[in-house]
Amino acid sequence: MSKLRVAVLGAKGRIGSEAVRAVEAAEDMELVAALGRGDALDTLTETGAQVVVELTTPDSVMENLDYCVRHGIHAVVGTTGWNEDRLDRLKSWLAASPETGVLIAPNFSIGAVLTMKFAQIAAPYFESVEVVELHHPNKVDAPSGTATRTAQLIAAARAEAGLGAQPDATATALDGARGADVDGVPVHAVRLRGLLAHQEVLLGGEGETLTIRHDSLHHSSFMPGILLGARRVAVTPGLTFGLEHFLDLG
Ligand SMILES: NC(=O)C1=CN([C@@H]2O[C@H](COP(=O)(O)OP(=O)(O)OC[C@H]3O[C@@H](n4cnc5c(N)ncnc54)[C@H](O)[C@@H]3O)[C@@H](O)[C@H]2O)C=CC1
Ligand SMILES: O=C(O)C1=N[C@H](C(=O)O)C[C@H](O)C1
C-alpha cells in the first residue's frame, strides 16, 4: 500500500519538530517536506504532498492554507487564532475546491478533547462556570484556542438548556481581573515558566463544585491526534472543526 505523503509547516517549532518525528516514525506515512518560516510553499507541490500539518503562527496560517486549498492539498491545522471572519474565508476557499479537506483542531490531545466534551455535558447542571488555562510563557496568544473553544461549547450548552447569565455581583474591578468574556463565560490565562498546556473548567452549583482538569505534560500528547487527523482528513472533504468528529465524539 502506498504511504500518505505528509509535509509539516512550522517544522522547527515546539510542536512542529515533534510532529516531524511522529510522521517519520509512522509506518503508513512518508515525510516529504519539513518547512520553516521563509521556505517556499511551492516545495509542497514539487514534493507531491497530499496532507500538510500546519503548526505555525496565527499570522502565517491563512496564507499557508490559501496555498494548500488552491492546490488541493489537505490540511491538519493546530495553529490558533481562529475567528468567524477567518473561518468564513477558509470556507469560501474550500467551496472552490470541494475535494479538499481541512481539519482545524483547537487541541490534538485526547484528554483535552474529552475535557471539552465533559464540560459540555456538565454545563447545563451548574449555575456558575469559569475556565482557567495555564501555558508556557512563550505562547503568543491568549486565551488559548482550546479555552476559547471550551467556553464556546459551554455557552452553547447553557443556552440550549435555557440558563441565563451567571451570578456575579462584581461592581468594581481592575481591568482583566474577571478574565476575558467568551460568550458570557469568563476565561483566565496564566503564563508560567515550567508549564506546557493545562486547563481547568470550574463549575459551581448550590453547595458543590466540580473541577475538570487536563494537563499536557509533553508535546507527545498531541501526536496521536495529529496522525489520526492526517489519515482522516485525506478522505473527509470540506471543513471539520474539532478532532472530536474524527473520534466519533462530535
Ligand atoms: N492544536 C493543538 O493541539 C496545539 C496547537 N498548538 C499551536 O500551534 C502553534 C505553534 O505552537 P508552537 O510550536 O508552540 O510555536 P513555535 O513558535 O515554537 O513554532 C512555530 C513555528 O512556525 C514557524 N513559522 C512561522 N511562520 C511560518 C510559515 N509561514 N511557514 C513555515 N513556518 C512558519 C516559526 O518560525 C516557528 O518555528 C500555536 O498556534 C499553538 O497555539 C500548539 C500545541 C498544540
Ligand atoms: O501554544 C500551545 O502550547 C498550545 N496551543 C493550543 C491552544 O492554544 O489551545 C493547544 C494547547 O493548549 C497547546
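This one's a predicted model, so the numbers in the text were calculated from it and none came from an experiment.
- Looking at heavy atoms from C-beta onward, N64 lies out of side-chain contact with T79 at the 4.5 angstrom threshold.
- For the pair E133 and R191, the salt-bridge criterion is met [side-chain N within less than 4.0 Å of a carboxylate O].
- With hydrophobic clusters built from ILVMFWY side chains whose heavy atoms lie under 4.5 angstrom apart, M223 shares a cluster with L103.
- Counted by atom type alone, S221 and S109 present zero donor-acceptor pairs between their side chains at under 3.5 Å.
- The two residues P143 and A189 come nearest to each other via the heavy atoms CA-CB, 4.4 Å.
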inquiry  = Could you walk me through whether R193 and H136 satisfy the side chain to side chain contact (heavy atoms under 4.5 Å, CB included) test, starting with their C-alpha distance in whole Å, then the side-chain angles of each, then the deciding distance to 0.1 Å, before giving a yes or no?
reply    = CA-CA 6 Å; R193 186 68 70 203; H136 59 89; 5.9 Å; no

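- The shortest distance between side-chain heavy atoms of S144 and H135 falls below 4.5 Å.
- A salt bridge is defined here as a Lys NZ or Arg NE, NH1 or NH2 lying under 4.0 Å from an Asp or Glu carboxylate O, and D141 with K139 meets this definition.
- Salt bridge D39/K12: absent, no basic N to carboxylate O contact under 4.0 Å.
- Within the 4.5 Å cutoff, the side chain of V6 has no heavy atoms near those of the V32 side chain.
- Atoms CD and CD, from Q152 and Q120 in turn, are 11.5 Å apart once rounded to the nearest 0.5 Å.
- Looking at V51 and V233, their side chains come closer than 4.5 Å, going by heavy atoms from C-beta outward.
- Looking at R231, its side chain never comes within 3.5 Å of a backbone N or O of L4 through a donor-acceptor pair.
- Hydrophobic clustering places L55 together with L228 (ILVMFWY residues linked when any side-chain heavy atoms are closer than 4.5 Å, directly or through intermediates).
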query = Run the side chain to side chain contact (heavy atoms under 4.5 Å, CB included) check on T148 and W82 step by step: do they pass?
reply = CA-CA 10 Å; T148 303; W82 291 98; over 6 Å; no

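- Remark: I154 CD1 to R149 CZ distance equals 11.5 Å, nearest 0.5 Å.
- Here the side chain of E84 pairs no donor or acceptor atom with the backbone of R86 at under 3.5 angstrom.
- For the pair T236 and R232, the tightest heavy-atom approach, listed with the atom from each and the gap, is OG1-O, 2.6 Å.
- Atom CE of M116 is separated from atom OG1 of T146 by 5.0 Å, given to the nearest 0.5 angstrom.
- Crowding of F118 atom CZ: a count of heavy atoms from other residues, nucleotides or ligands under 6.0 Å not exceeding 12.
- Within 6.0 Å of CD on E160 lie no more than 12 heavy atoms contributed by other residues, nucleotides or ligands.
- No side-chain heavy atom of P237 sits less than 4.5 Å from a side-chain heavy atom of P98.
- Using modelled atom types, no side-chain atom of H245 and backbone atom of T240 make a donor-acceptor pair closer than 3.5 Å.
- The 12-atom threshold is not exceeded at CD of E99, counting heavy atoms of other residues, nucleotides or ligands nearer than 6.0 Å.
- Connection of V61 to L94 is established within a shared hydrophobic cluster, with ILVMFWY side chains joined at heavy-atom distances below 4.5 Å, either directly or through further cluster members.
- Among all heavy-atom pairs drawn from A123 and L203, the shortest one is CA-CD2, 4.1 Å.
- Under a hydrophobic clustering in which Ile, Leu, Val, Met, Phe, Trp and Tyr are joined whenever their side-chain heavy atoms come within less than 4.5 Å, directly or via other members, L163 and V129 fall into different clusters.
- Scanning all heavy atoms of the two residues, the minimum distance from N138 to R14 falls at CB-NH1, 3.4 Å.
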key: Pair E208-F126, side chain to side chain contact (heavy atoms under 4.5 Å, CB included): steps then yes or no   = CA-CA 9 Å; E208 64 174 333; F126 292 86; 4.3 Å; yes

inquiry  = If you apply the rule side chain to side chain contact (heavy atoms under 4.5 Å, CB included), what do you find for Q166 with D168, and how did you get there?
reply    = CA-CA 6 Å; Q166 303 199 43; D168 183 356; 5.6 Å; no

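- Between the side chain of S97 and the backbone N or O of V69 there is at least one donor-acceptor pair closer than 3.5 Å.
- Side chain of R5 to backbone of Q50: no donor-acceptor contact under 3.5 angstrom is found.
- Remark: of the listed residues N107, T150, T115, T150 is the sole one forming a side-chain hydrogen bond (donor to acceptor under 3.5 Å, both in side chains) with Q199.
- Separating the CG atom in L202 from the CG atom in L210 is a distance of 9.0 Å, to the nearest 0.5 Å.
- With salt bridges taken as basic N to acidic carboxylate O contacts below 4.0 Å, none links K3 and E27.
- Between R213 and D215 a salt bridge is recorded (basic side-chain N to carboxylate O distance below 4.0 Å).
- To the nearest 0.5 Å, the span separating CD on E244 from CG on L249 amounts to 7.5 Å.
- Put simply, the side chain of I226 reaches to within 4.5 Å of the side chain of I15, judged on heavy atoms.
- At least one side-chain heavy atom of F108 sits less than 4.5 Å from a side-chain heavy atom of V76.
- Nearest heavy-atom pair, L134 versus V132, reported as atom, atom and distance to 0.1 Å: CD1-O, 3.9 Å.
- Nearest heavy-atom pair, R37 versus S60, reported as atom, atom and distance to 0.1 Å: NH1-OG, 3.9 Å.
- No side-chain donor-acceptor contact under 3.5 Å links H71 to the backbone of I73.
- Using a 4.5 Å cut-off on side-chain heavy atoms (C-beta onward), V8 and L31 make contact.
- Cluster annotation: V53 is connected to M29 through the hydrophobic network of ILVMFWY side chains, with a link wherever side-chain heavy atoms come within less than 4.5 Å.
- Atoms CG and CZ, from N83 and R89 in turn, are 8.5 Å apart once rounded to the nearest 0.5 Å.
- Within the 3.5 Å criterion, the main-chain N or O of L9 finds no donor-acceptor partner in the side chain of E54.
- With hydrogens and angles disregarded, a donor-acceptor distance shorter than 3.5 Å links the side chain of H198 to the backbone of L196.
- Salt bridge annotation for E24-R21: absent, with no cationic side-chain nitrogen under 4.0 angstrom from a carboxylate oxygen.
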